[in-house]
Amino acid sequence: MVDRAAEICRPEEFRDVYHRVYREPPYCEGAAIADEFAEQLVRHAALPGFSVTTVLDDGVLTGFAYGVRLEEGWWHPRAAAPAPQGLRWPLFYVYELAVVPELRGRGHGRELLDLLLADRTESFAVLAASNEAPARELYRRWGWAKVGELTEPPNGVDLLALPLRLVKSEER
């Protein structure tokens, strides 16, 4: 069951799902990175414009997606180039989408993102996706388009954007 969570009550549950997902290739992240993720999640949850959606299986967290609204002037600090001119702010940056391996292929990832983005007022959502990750192809099929690349390790990570709403002609 995919649901919108109001707050992050137990960050250790999110940390455990993150670790189960990102210890796999192509990420191969260790427990220390999962600990850093949990700390970052708590910081992000306190920001205005934070939103999270979750998947629970028999009351146990098995997937989540979260993001934060980012105002004009923000662009990914590791982006190889400035933001493209067609992008409009504020943006909604999707920091994470994670579903445990045994529940993949059931549409949970799409549901998590759809619910996360359903009532956003920003013009675009942006996320970073490894070119080696299976999710990269899903994002492309769901309408996300490449708008940039990241530098530094890990290499081969694209910034993808998805228009969230039609802009009224007087706003152009």
Side-chain angles (χ1 to χ4, degrees), residues 2 4-9 11 14-15 17-18 21-22 26-27 29 32-54 63-99 109-133 135-172:
V2 175
R4 182 177 301 281
E7 58 187 49
I8 305 299
C9 297
F14 288 83
R15 181 248 180 244
V17 170
Y18 179 94
V21 169
Y22 288 97
Y27 311 104
E29 294 180 358
I33 300 293
D35 293 341
E36 290 173 15
F37 159 77
E39 293 169 7
Q40 172 183 277
L41 175 63
V42 170
R43 287 191 308 273
H44 287 164
L47 296 173
F50 171 84
S51 185
V52 63
T53 53
T54 59
F64 64 89
Y66 91 86
V68 175
R69 177 186 178 104
L70 296 167
E71 301 299 330
E72 188 162 350
W74 181 89
W75 190 231
H76 200 290
R78 291 186 8 237
Q85 288 188 342
L87 222 50
R88 286 187 292 286
W89 281 261
L91 300 172
F92 185 74
Y93 189 77
V94 179
Y95 274 94
E96 297 296 341
L97 170 63
V99 176
R110 179 69 187 257
E111 284 184 276
L112 284 165
L113 270 180
D114 285 351
L115 184 57
L116 184 69
L117 302 176
D119 60 355
R120 300 306 310 179
T121 59
E122 299 84 4
S123 296
F124 287 90
V126 175
L127 57 77
S130 169
N131 294 333
E132 297 177 11
R136 175 66 171 83
E137 179 57 26
L138 290 175
Y139 297 136
R140 191 191 66 70
R141 286 198 329 251
W142 297 342
W144 294 78
K146 182 177 176 176
V147 292
E149 298 174 354
L150 297 186
T151 61
E152 303 173 19
N155 295 323
V157 177
D158 287 341
L159 289 167
L160 308 176
L162 180 73
L164 293 182
R165 61 185 174 96
L166 295 176
V167 178
K168 296 176 188 170
S169 58
E170 59 267 16
E171 291 180 353
R172 292 183 187 186

Next item on the list: Evaluate the side-chain contact (heavy atoms from CB on, under 4.5 Å) criterion for residues Y22 and I33: first the C-alpha distance (whole Å), next the side-chain angles of each, then the deciding distance (0.1 Å), finally the verdict.
Entry: CA-CA 9 Å; Y22 288 97; I33 300 293; over 6 Å; no

Next item on the list: Please check if the distance between the ring centroids of F124 and F92 is under 6.0 Å.
Entry: no

Check: Are the side chain of W75 and the backbone of A81 linked by a donor-acceptor contact shorter than 3.5 Å?
Finding: yes

Notebook entry, point to check: What pairs with W89 under ring-ring contact (aromatic ring centres under 6.0 Å, His included), at least two apart in sequence or on another chain?
Noted result: none

Checklist line | Matching residue for K146 among L159, L160, N131 - test: side chain to side chain contact (heavy atoms under 4.5 Å, CB included) | finding: L160

Next item on the list: With rounding to the nearest 0.5 Å, note down the distance linking CG in D158 to OG in S130.
Entry: 9.0 Å

Item checked: Non-hydrogen atoms of A128 and L150 that approach each other most closely -> CB-CD1, 4.1 Å

Notebook entry, point to check: Would a 4.5 Å heavy-atom cut-off, applied to side chains only, mark E149 and V157 as touching?
Noted result: no

Note to self: Measuring from atom CG of L116 to atom CD of E96, what distance do you get when rounded to the nearest 0.5 angstrom?
What the structure shows: 12.0 Å

Checklist line | Shortest non-hydrogen contact from V21 toward Y27 | finding: O-CD1, 4.4 Å

Notebook entry, point to check: How long is the gap from NE2 on H76 to CG on L91, to the nearest 0.5 Å?
Noted result: 12.0 Å

Note to self: Please find the pair of heavy atoms, one from A129 and one from R136, that lie closest to each other, and give the distance.
What the structure shows: CB-CD, 3.8 Å

Margin query: Tell me the closest heavy-atom pair linking A161 and V147, and the distance in Å.
Written below: CB-CG1, 3.6 Å

Next item on the list: Quick one: pull up OG1 in T53 and CG in L115 and give me the separation to the nearest 0.5 Å.
Entry: 5.5 Å

Item checked: Minimum-distance pair of heavy atoms, taken over all atoms of G49 and R120 -> O-NH2, 3.3 Å

Note to self: How long is the straight-line distance from CH2 of W142 back to CG of L113, given to the nearest 0.5 Å?
What the structure shows: 5.5 Å

Check: Quick one: does T151's side chain have a donor or acceptor within less than 3.5 Å of a partner on A79's backbone?
Finding: no

Item checked: Gap separating the CG atom of L112 from the OG1 atom of T54, nearest 0.5 angstrom -> 7.5 Å

Checklist line | Ring centers of F14, Y95 separated by less than 6.0 Å | finding: no

Notebook entry, point to check: For residues Y18 and E36, is any side-chain donor paired with an opposing acceptor at under 3.5 Å?
Noted result: no

Check: Any idea which heavy atoms bring L117 and V94 closest together, and the distance?
Finding: CD2-CG2, 4.2 Å

Next item on the list: Could you walk me through whether L41 and F50 pass side-chain contact (heavy atoms from CB on, under 4.5 Å), step by step?
Entry: CA-CA 10 Å; L41 175 63; F50 171 84; 4.2 Å; yes

